[in-house]
Chemist: 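Below you'll find the structure I mean.
Keep in mind the model is a prediction, meaning the values are calculated, not measured. Starting from 1, each residue takes its place in the sequence as its number.
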Amino acid sequence: MTTTDDSSTASAGPAGSEAQRRIEERLTEEVVASFAGAGDARLRAVLESLTRHLHAFIRDVRLTEDEWKQAIDFLTATGHITDDKRQEFILLSDVLGASMQTIAVNNEAYRDATEATVFGPFFVSGAPLVGNGGDIAGGAPGQPCWVEGTVRDTDGNPVPGARIEVWEADEDGFYDVQYDDDRVAGRGHLFSESDGSFRFWCLTPTPYPIPHDGPVGRLLEAAGRSPVRAAHLHFMVTAEGLRTLVTHIFVDGDPQLEIGDSVFGVKDSLVKRFEEQQADTPPPDGRDLGGRPWTAARFDIVLAPDGTGA
């Protein structure tokens with residue numbers, strides 16, 4: 001620490017005094033300067049900006065020591081509840097809008113490319129191959145839903161062989177990893193055909209709450225916010241030479257769209273019609289649905305060229 005003159009002691013005056021302002025600003029500059037030796041210029045820039053913004057927040061709200069301790073305890077609890085099946089830090093990022101802001105920064109609009117949205121905490125690598133016309137539900141409860149579409153680039157050319165990962169919650173609002181067994185359900189992957197087309201069975205999405213039995217749930221409760229997400233179906237689409245797309249489609253007419261999505265993930269372009277089909281309506285692939293009604297949705301995906309993000 002550098003020494004201070006008589007005008008910058010801890011007893012220099014109230015928050016609004018010039019002497020107190022100098023104490024606080026000097027500390028910020030001292031911390032910022034401590035990163036000058038970072039060999040990585042990007043790391044140095046991020047740490048310096050983080051320090052300035054964090055210190056500005058503390059000074060702006062005049063954060064108390066007790067409040068800072070509560071914040072540390074909250075983050076500690078967030079770490080303790082996180083495991084290989086539940087990522088509470090992603091939930092925290094999501095409900096603060098940090099996830100969507102990062103997505104906005106890194107997925108700049110490019111012509112008619114499909115918009116991106118939050119990744120969410122329940123993606124699992126190694127989902128089974130279901131193939132075109134297959135069923136990702138894997139026995140999970142819910143109303144059958146047929147989804148079809150195409151993958152194209154922004155010049156309108158079909159993209160063959162694009163890997164399409166799909167995952168969703170069941171009608172009870174749970175992903176497979178939230179159960180205590182080793183089930184794999186509500187997830188799978190397939191590849192677009194030579195003409196860019198794809199098709200699969202899944203479950204009609206329904207609204208559900210994000211896990212709210214932990215620190216993030218307590219934060220939402222204290223803030224008077226709902227943990228419920230609008231009904232959606234997750235996609236991640238990858239193809240060589242094109243920007244990876246992480247997105248959802250949402251259900252047109254879902255009342256939760258008017259109430260609000262707890263992680264701010266809804267974009268108007270991603271709201272799609274899920275057409276109700278009567279039980280006696282023949283499915284497009286002739287599948288036997290056991291006399292149940294079903295829905296059908298179309299999602300045409302447009303991928304931006306690689307390198308067109310931020």
Chemist: Does any N or O in the side chain of Asp60 come within less than 3.5 Å of the main-chain N or O of Ala56, such that one atom is a donor and the other an acceptor?
Modeler: no
Chemist: Could you tell me the separation between the CD atom of Glu88 and the CG atom of Leu92, rounded to the nearest 0.5 Å?
Modeler: 8.0 Å
Chemist: Which atoms form the tightest heavy-atom contact between Gly138 and Ala185, and what is the distance?
Modeler: O-CB, 3.8 Å
Chemist: Tell me whether Leu203 shares a hydrophobic cluster with Trp146, the cluster being built from Ile, Leu, Val, Met, Phe, Trp, Tyr side chains joined at under 4.5 Å.
Modeler: no
Chemist: Let's go through Val118 and His232 carefully: what are the C-alpha distance in whole Å and the side-chain angles of both, what is the deciding distance for side-chain contact (heavy atoms from CB on, under 4.5 Å) to 0.1 Å, and is it a yes or a no?
Modeler: CA-CA 11 Å; Val118 291; His232 61 277; over 6 Å; no
Chemist: What heavy-atom pair brings Pro205 and Phe274 nearest, and what distance separates the two atoms?
Modeler: CD-CE2, 3.5 Å
Chemist: Asp254: which residues meet the side-chain hydrogen bond (donor to acceptor under 3.5 Å, both in side chains) condition with it, sequence neighbours left out?
Modeler: none
Chemist: What are the two closest heavy atoms between Gly253 and Leu257, and how far apart are they?
Modeler: N-CD1, 4.4 Å
Chemist: Taking atom CZ of Phe200 and atom CD1 of Ile164, what is their separation to the nearest 0.5 Å?
Modeler: 7.5 Å
Chemist: Quick check: does any side chain N or O of Lys85 sit under 3.5 Å from a backbone N or O of Thr82, one acting as donor and the other as acceptor?
Modeler: no
Chemist: Would you indicate whether Glu275, at its atom CD, is surrounded by more than 12 heavy atoms from other residues, nucleotides or ligands within a distance under 6.0 Å?
Modeler: yes
Chemist: Taking distance alone, no hydrogens or angles, what donor-acceptor pairs closer than 3.5 Å link side-chain atoms of residues 126-136 to residues at least two apart or in another chain?
Modeler:
from: Asn132; atom 1: OD1; to: Arg199; atom 2: N; distance (Å): 2.9
from: Asn132; atom 1: ND2; to: Phe191; atom 2: O; distance (Å): 2.7
from: Asn132; atom 1: ND2; to: Glu193; atom 2: OE2; distance (Å): 3.4
from: Asp135; atom 1: OD1; to: Ala137; atom 2: N; distance (Å): 2.8
from: Asp135; atom 1: OD2; to: Arg287; atom 2: NH1; distance (Å): 3.4
from: Asp135; atom 1: OD2; to: Arg287; atom 2: NH2; distance (Å): 2.7

Chemist: Please tell me if the side chains of Arg59 and Leu27 come closer than 4.5 Å, counting only heavy atoms from C-beta onward.
Modeler: no
Chemist: Taking CG in Asp285 as the centre, count heavy atoms belonging to other residues, nucleotides or ligands within less than 6.0 Å. Is the count above 12?
Modeler: yes
Chemist: Which pair of non-hydrogen atoms, one from Gly196 and one from Pro158, has the smallest distance, and what is that distance?
Modeler: N-CB, 3.9 Å
Chemist: Is Leu96 reachable from Ile90 through a run of I, L, V, M, F, W or Y residues, each pair having side-chain heavy atoms under 4.5 Å apart?
Modeler: no
Chemist: Could you note down all residue pairs passing ring pair (Phe, Tyr, Trp, His ring centres under 6.0 Å) where residues 112-138 supplies at least one of them, sequence neighbours left out?
Modeler: Phe119-Phe123, Phe119-Trp167, Phe122-Tyr175, Phe123-Trp167
Chemist: Before you tell me yes or no, could you show the steps for Leu54 and Ile58 under side-chain contact (heavy atoms from CB on, under 4.5 Å), namely the whole-Å CA-CA distance, both residues' side-chain angles and the distance that decides it to 0.1 Å?
Modeler: CA-CA 6 Å; Leu54 178 59; Ile58 293 170; 4.2 Å; yes
Chemist: Is there a side-chain contact between Trp201 and Leu289 in this structure, where contact means two heavy atoms from C-beta onward sitting under 4.5 Å apart?
Modeler: yes
Chemist: Name all residues meeting the ring-ring contact (aromatic ring centres under 6.0 Å, His included) criterion together with Tyr179; count only those two or more places apart in sequence or in a different chain, and write none if there are none.
Modeler: Phe174
Chemist: The test is side chain to side chain donor-acceptor pair (under 3.5 Å); show your working for Ser99 and Ser93 and say whether it passes.
Modeler: CA-CA 5 Å; Ser99 298; Ser93 173; 2.6 Å; yes
Chemist: To the nearest 0.5 Å, what is the distance between CZ (Phe299) and OG1 (Thr114)?
Modeler: 5.0 Å
Chemist: Check the surroundings of atom CG in Asp180: do more than 12 heavy atoms from other residues, nucleotides or ligands lie under 6.0 Å from it?
Modeler: no
Chemist: Begin from the C-alpha positions of Thr150 and Arg298 and carry the test side-chain contact (heavy atoms from CB on, under 4.5 Å) through to its verdict.
Modeler: CA-CA 9 Å; Thr150 59; Arg298 183 170 186 89; 3.7 Å; yes
Chemist: Is any side-chain heavy atom of Glu25 less than 4.5 Å from a side-chain heavy atom of Gln20?
Modeler: no
Chemist: Quick check on Asp268: does its CG atom have over 12 non-hydrogen neighbours (other residues, nucleotides or ligands) under 6.0 Å away?
Modeler: no
Chemist: Answer whether the closest heavy-atom distance between the side chains of Thr204 and Trp294 falls below 4.5 Å.
Modeler: no
Chemist: Quick check for you: to the nearest 0.5 Å, what is the distance between Tyr208 atom OH and Asp172 atom CG?
Modeler: 13.5 Å
Chemist: For a quick test of reading the model, state the closest non-hydrogen atom pair linking Thr154 to Pro305 and the distance between them.
Modeler: OG1-CD, 4.0 Å
Chemist: If you measure from OG1 on Thr247 to NE2 on His234, what distance do you get to the nearest 0.5 Å?
Modeler: 10.0 Å
Chemist: Does some side-chain heavy atom of Arg152 sit less than 4.5 Å from a side-chain heavy atom of Asp300?
Modeler: no
Chemist: Between Asp306 and Arg243, is there a side-chain N and carboxylate O pair less than 4.0 Å apart?
Modeler: no
Chemist: Show the numbers, then the answer: is there a side-chain contact (heavy atoms from CB on, under 4.5 Å) between Leu233 and Cys202?
Modeler: CA-CA 9 Å; Leu233 177 65; Cys202 61; 4.0 Å; yes
Chemist: May I ask whether Val263 and Phe250 are part of the same hydrophobic cluster, defined by side-chain heavy atoms of I, L, V, M, F, W, Y residues being less than 4.5 angstrom apart, directly or through others?
Modeler: no
Chemist: Give me the one residue out of Glu168, Arg229, Lys267 that meets side chain to side chain donor-acceptor pair (under 3.5 Å) with His248.
Modeler: Arg229
Chemist: Might you point out which heavy atoms bring Val271 and Val251 nearest each other, and give the distance in Å?
Modeler: CG1-C, 4.2 Å
Chemist: Given side chains that start at C-beta, do those of His55 and Val32 come closer than 4.5 Å, heavy atoms only?
Modeler: no
Chemist: Do you reckon Leu303 sits in the same ILVMFWY cluster as Val166, going by side-chain contacts under 4.5 Å, direct or chained?
Modeler: yes
Chemist: Side-chain donor-acceptor pair under 3.5 Å between Thr64 and Asp66, yes or no?
Modeler: no
Chemist: Would you check if Asp261 and Gln256 make a side-chain contact, meaning some heavy-atom pair closer than 4.5 Å?
Modeler: no
Chemist: Please table the atom pairs, donor to acceptor, closer than 3.5 Å between any side-chain atom in residues 210-224 and protein atoms at least two apart or in another chain.
Modeler:
from: His212; atom 1: ND1; to: Ile210; atom 2: O; distance (Å): 3.1
from: Asp213; atom 1: OD1; to: Arg86; atom 2: NH1; distance (Å): 2.7
from: Asp213; atom 1: OD1; to: Arg86; atom 2: NH2; distance (Å): 2.9

Chemist: Does one hydrophobic cluster hold both Val302 and Leu242, with members joined at side-chain heavy-atom distances below 4.5 Å?
Modeler: no
Chemist: Taking the side chain as every heavy atom from C-beta outward, state whether Gln278 and Pro293 have any atom pair closer than 4.5 Å.
Modeler: no
Chemist: In terms of heavy-atom contacts, does CZ of Arg273 have more than 12 from other residues, nucleotides or ligands at under 6.0 Å?
Modeler: no
Chemist: Show every donor-acceptor pair shorter than 3.5 Å between a side-chain atom in residues 37-50 and any protein atom, with sequence neighbours excluded, or say none if there are none.
Modeler:
from: Asp40; atom 1: OD1; to: Arg42; atom 2: N; distance (Å): 2.9
from: Asp40; atom 1: OD1; to: Leu43; atom 2: N; distance (Å): 2.9
from: Arg44; atom 1: NH1; to: Ala38; atom 2: O; distance (Å): 2.8

Chemist: With rounding to the nearest 0.5 Å, note down the distance linking CG in Asn107 to CG in Leu245.
Modeler: 7.5 Å
